[in-house]
Amino acid sequence: MRLFSNAVVRTFAPQAASSTPASTASDPSASNSDTPAAAPTSTVDFMQPAPDAILVDGETIVAVGTRAELLDIAAAQSSTTAALASAGGVGATTVIPGLEIDEIDCGGQVILPGFVDGHIHSIMYADSLTDLDLSQTKSLAEAVALIRERADSLPVGTWVVGSGWDLNKWEDPSYPDRTLLDAEVPDHPVAMWSLDLHTLWANAHALEIAGIDEATPDPSGGSFVRDDGQLTGLVREDATDLVARFIPEPSREEQVERLATTQELFLSQGLTGIHDFDGIAATLGWNDLHEAGRQDTRVTLFLRSPEVPWAIETGWHTGDGDDWLQCGGLKLFSDGALGSHTSHMSSPFPETDGETENFGIAQMTEDELFEQAHIATEAGISVAIHAIGDQANHHVLEVFDRLRDITRAAEEKYDRPLRHRVEHAQFIQPSDVARFAELGVLASMQPRHCISDLHLLHLIDESAQLAAYAWPDLLEAGAHVVFGSDGPVEPANPFAAIYAAMTRANISGEASTTFQPHRRLSAVEAVRLHTQGPAFAAGLEARRGYLAPGMDADFILVDTDPCAAEGLSSDALNTEAAAQSSDLNGSRTPTDGLLGYDSEEALFAHAEAIRDTRVALTVVGGEIKYRA
């Protein structure tokens with residue numbers, strides 16, 4: 001056995017399970033086909049001392065309590081029970097000689113449930129750690145200079161690949177084209193992804209290799225941007241596949257090493273698991289790492305559309321797998337992204353660079369989405385649909401409404417819940433908020449998007465009164481919300497995401513940048529949506545997401561307590577996020593956005609402390625997988 005002691009243990013146990021965790025599998029009746037109960041509130045009782053220890057046996061938590069209590073429990077389950085009785089029985093405070101227990105002194109730091117990133121791209125993340133990073137560039141010229149510098153370090157003809165450029169942050173916020181690239185880097189094919197990964201900036205050499213010229217038609221769901229009929233080098237949405245397929249991929253061995261490095265980064269940031277949306281590439285990579293005995297992070301794998309026939313043929317069913325690799329659902333795309341002006345909106349984007357009446361891009365029609373979702377669901381595969389714009393979200397909810405009877409039949413056939421999801425759900429029409437709960441559709445959201453998009457929000461028509469990054473609205477409506485990062489679009493660090501949910505202000509802590517403070521979320525709720533949220537989405541809420549006897553031993557040791565701050569009342573911390581949000585119909589008075597803190601300064605001080613949290617230990621399956 002292993003005892004983690006001298007800690008402040010925040011169990012985040014739901015009220016209904018604070019004493020004894022569920023021991024049975026998820027009930028298929030709590031599914032998409034019937035409205036599920038609202039997510040439970042975590043119990044964080046500040047009137048009572050927090051437990052100071054966790055006892056683990058193998059991969060499972062045996063007990064949570066005081067060190068003395070847990071030593072008694074350990075002894076009772078060992079061959080030294082008699083020795084314990086002779087030493088005084090209940091309340092023993094010293095390790096009994098011969099008691100087989102490995103004790104880790106946590107130094108008074110805080111234990112939290114392991115965080116799970118509900119939406120991440122591990123292969124893209126691994127590549128981003130190697131490829132050229134343009135995220136800090138402030139102008140087109142600076143970006144081209146970095147590309148030229150990278151090209152000079154590579155053999156002639158080698159692809160120069162990178163990501164992170166954001167024209168909205170440049171001094172001259174105009175779309176780049178291939179003119180400068182062709183002039184400065186004519187002897188290398190160049191492919192640079194935008195920050196949101198929905199637009200590719202390529203030079204003439206790359207387009208030529210891909211066989212794309214002025215006569216190439218735009219594919220469905222994508223486009224080659226043209227100026228007076230000439231290719232500009234910008235490629236959007238599904239059209240990017242026609243270029244990206246020619247970019248050389250790392251060898252299988254190299255990909256495994258990249259993934260192992262990325263896994264170490266995830267563990268160092270407190271992630272014990274991820275929901276991975278990189279399709280077959282991620283499936284192969286994690287399988288290779290698992291077979292090599294090097295997998296230390298639990299992974300739920302999601303499919304892409306071209307992989308569905310293979311998945312059905314091989315018997316892929318959502319929820320299958322083992323404790324480390326789980327079969328997830330199918331990822332589909334309804335629209336693009338805000339930064340690329342391709343999110344599908346009900347109101348047009350402001351005119352820019354000659355664009356007129358641009359409502360974004362519908363990558364698939366509602367009927368096309370339904371057809372693919374129907375095929376997957378009938379085969380026992382849940383569906384996760386990317387939707388950022390409000391019109392995209394509306395169409396996706398219509399799809400899930402049409403899918404209800406099919407979902408119910410599939411759940412009965414495969415004896416498991418199929419919890420469909422909307423990925424991102426950034427802008428929602430007011431009348432659609434309640435439909436997430438009514439349809440039992442999960443909202444998989446990323447708090448960092450809110451604060452990274454602050455400079456883009458002028459693109460949204462205010463008169464539409466959309467629910468933007470509306471985590472509390474969805475929770476108040478009774479919907480389940482799942483938090484993640486969408487890495488590498490955003491950094492994977494979940495503590496920065498908690499900061500974003502608490503402040504809705506830029507990452508540097510400027511309160512004046514706050515967007516809609518009445519939609520802030522408490523640290524307690526943000527932690528829950530990073531732990532219990534992903535567990536529920538994966539159908540694993542009976543085993544993961546909080547700390548209690550019988551649960552998987554996945555937890556982290558950190559130097560900052562997200563559940564306690566000077567000036568923050570226990571009543572405020574224990575209030576469900578629903579009480580913090582404003583009613584869309586105006587029947588409730590919006591809160592002051594202070595989340596129970598005495599002042600804006602106190603709120604930001606605590607949020608910034610959480611943002612800067614350091615992880616000391618990451619424990620997965622009872623084993624220390626990362627130590628600072």
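Atom set for the values below is all heavy atoms of this structure, side chains included, hydrogens, waters and symmetry mates excluded.
- Summarising the geometry of A373 relative to L332, their closest heavy-atom pair is N-CD1, 4.1 Å, with the distance given to 0.1 Å.
- When all heavy atoms of I428 and F436 are compared, the pair lying nearest together is CD1-CE1, 3.8 Å.
- In this model, a donor atom of one side chain and an acceptor atom of the other lie less than 3.5 Å apart for S122 and W286.
- No hydrogens or angles considered: nothing links the side chains of D367 and T365 as a donor-acceptor pair under 3.5 Å.
- A donor-acceptor pair shorter than 3.5 Å cannot be found between the side chains of S485 and Q446.
- Salt bridge status for R402 with E398: absent, with no side-chain N to carboxylate O gap under 4.0 Å.
- Contact check for F536 versus V482: no side-chain heavy atoms found under the 4.5 Å cut-off.
- Note that the NE2 atom of H121 and the CG atom of D278 stand 6.0 Å from one another [nearest 0.5 Å].
- Side-chain contact annotation: R421 with H275, donor-acceptor N/O pair under 3.5 Å present.
- A side-chain donor from one of E490 and S452 sits under 3.5 Å from a side-chain acceptor of the other.
- When all heavy atoms of V62 and P549 are compared, the closest pair comes out as O-CB, 3.4 Å.
- The six-membered or imidazole ring of H386 lies away from that of H119, with a centre-to-centre distance of 6.0 Å or more.
- In terms of heavy atoms, I280 sits closest to E307 at N-OE2, 2.9 Å.
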